[in-house]
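In what follows, residues are counted from 1 in the order of the sequence shown.
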Amino acid sequence: MAASEFSAEQVDRAVQVLAADPERFNHAIDIVTHAAPTLQKVLNEALDAGGWFEEAHEQHVSSTAAIADASERERMLRMLIAEETRLGMLVGVAVGLELASELRKEQT
């Protein structure tokens, strides 16, 4: 396994450690807040490069907006927001892993 690759077990252990110590995020929050505008650009470019928000996304938005029943339209809108939030989170984590990799390179 390459130095920048992690096993599922390593990731699971790391997530457990992070979940047990929320204070550990304070420094990371400061760094992300500082870098937010640039990170947003990187995230948008990654989502765009992956084709995540192209024609299918627009079609889903349009079809959801066209639902006549207000409660069904609201349910579908909530589902769309949840799906896009999960997608953004997953791509954001991938960007974060690459950012960490670059920061480690600078330290050596």
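Under the 4.5 Å side-chain heavy-atom criterion for ILVMFWY residues, no single connected hydrophobic cluster contains both L90 and V95. There is no path of hydrophobic side-chain contacts, each under 4.5 Å, that joins V17 to F6. No single ILVMFWY cluster, assembled from side-chain heavy atoms under 4.5 Å apart, contains both V11 and V93.
Ionic pairing of R13 and E9 is not present here: no N-O contact between side-chain nitrogen and carboxylate oxygen is shorter than 4.0 angstrom.
Around CD of E58, the count of heavy atoms belonging to other residues, nucleotides or ligands within 6.0 Å exceeds 12. Within 6.0 Å of atom CZ in R73, more than 12 heavy atoms from other residues, nucleotides or ligands are found, so the atom counts as buried in its surroundings.
From L80, atom CG reaches atom CD of E84 across 4.0 Å, with rounding to the nearest 0.5 Å. In this structure, NZ on K41 lies 10.0 Å from CG on N44, to the nearest 0.5 angstrom. Note that CE of M76 and CG of D69 are 12.0 Å apart. Values are rounded to the nearest 0.5 Å. Here the CD-CD distance, from Q40 to E45, works out to 10.5 Å after rounding to the nearest 0.5 Å.
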Next on the checklist: As a quick check of understanding, evaluate side-chain contact (heavy atoms from CB on, under 4.5 Å) for E72 and R75, giving each step before the final call.
Outcome noted: CA-CA 5 Å; E72 178 64 10; R75 185 184 74 76; 2.8 Å; yes
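Residues L99 and V42 have side chains not in contact (no heavy-atom distance under 4.5 Å, counting atoms from C-beta outward).
Checking Q16 against D12 by side-chain atom types alone, no donor-acceptor pair falls below 3.5 Å.
Closest approach of G88 and L43 over heavy atoms only: O-CD1, 4.0 Å. The minimum heavy-atom distance between L77 and T64, with the atom names listed, is N-CG2, 3.7 Å.
Using modelled atom types, no side-chain atom of R24 and backbone atom of L18 make a donor-acceptor pair closer than 3.5 Å.
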